[in-house]
Structure formats: C-alpha cells, structure tokens
J.: 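Below are the structure tokens for one structure; questions will follow.
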Amino acid sequence: MAQTSPAPPTGYCPSCGRGDVAPTPEAYEEQRQRTETAESRLRLAHQARRAKEHQLDDIRRALCDIGFMDDDDPYSHADLADVIRQVGHTLHGEDGA
C-alpha cells in the first residue's frame, strides 16, 4: 500500500518549501467561508446568551415586584429556581391553611 506524503502547511511551497507562498484562490475562499461561518455562529451564540440573560432578569424583576425578592438580594440567576420553588411552597402553604 503506497503512502502519500502529507500536504505542506498552508503558505509553504510544495516544491521548494519556501514559506512565503499565498494560499491558492480555492484555499483562500474556503478559509474565508469557514471564518464567516464561525463568526456567524459566535454572533448567534452571543445573541442567545443575551436573550437568556434578559429572560432571567425579567423573572428576577417579577419576583421583586411581587415581594418575594428585594432588588439588593444577592441571588444570582442560578438561584432563581430555588427562589421560585420557595415562592411555590409559600403559596401552597397559604392555600392549604
């Protein structure tokens, strides 16, 4: 079975090994498209994170509005689930009495 030698790294001439060779137009276009795709995915990830943060901020504000949290309470977004459970237990305790 014949082995093929690996392709030289980008920017190196396959014949002489010089390191000042620009990528082929096809390789350049492929790199550009991969970069655009990665940047687009990163933008979408940041938008999704900001949207989630806004949702959690709205939940925190709602809990403050109904008096189950104060604005200066040290609860983080991760603690909101526990606060909501406490509110549920309090409400069910009041309804069951």
J.: Taking side-chain hydrogen bond (donor to acceptor under 3.5 Å, both in side chains) as the test, write out the residues that go with Arg85, two or more places apart.
T.: Asp82
J.: Leu56: what forms a side-chain contact (heavy atoms from CB on, under 4.5 Å) with it, not counting sequence neighbours?
T.: Ile59, His77, Leu80
J.: Would you check if Gln55 and Lys52 make a side-chain contact, meaning some heavy-atom pair closer than 4.5 Å?
T.: yes
J.: Working note: Gln86 + His89, criterion side chain to side chain contact (heavy atoms under 4.5 Å, CB included); need CA distance, chi angles, decisive distance, verdict.
T.: CA-CA 5 Å; Gln86 292 170 6; His89 291 304; 5.5 Å; no
J.: Run the side-chain hydrogen bond (donor to acceptor under 3.5 Å, both in side chains) test against Asp58 and tell me which residues pass, sequence neighbours left out.
T.: Arg61
J.: Listed by chain and number, what are the side-chain hydrogen bond (donor to acceptor under 3.5 Å, both in side chains) partners of Glu53, not counting sequence neighbours?
T.: Arg49
J.: Residues in side-chain hydrogen bond (donor to acceptor under 3.5 Å, both in side chains) with Asp65, at least two apart?
T.: none
J.: So, for Leu91 and Phe68, which heavy atoms are closest and what is the spacing to 0.1 Å?
T.: CD2-CZ, 4.4 Å
J.: Using a 3.5 Å cut-off and no angle test, enumerate the donor-acceptor pairs between side-chain atoms of residues 36-45 and protein atoms at least two apart in sequence or in another chain.
T.:
from: Glu36; atom 1: OE1; to: Arg32; atom 2: NH1; distance (Å): 3.4
from: Glu36; atom 1: OE2; to: Arg32; atom 2: NH1; distance (Å): 2.3
from: Thr37; atom 1: OG1; to: Gln33; atom 2: O; distance (Å): 2.9

J.: Could you tell me the separation between the CG atom of Asp79 and the CZ atom of Arg60, rounded to the nearest 0.5 Å?
T.: 9.0 Å
J.: Identify the two heavy atoms, one from Met69 and one from Val83, that lie closest to each other, and give their separation to 0.1 Å.
T.: CG-CG1, 3.8 Å
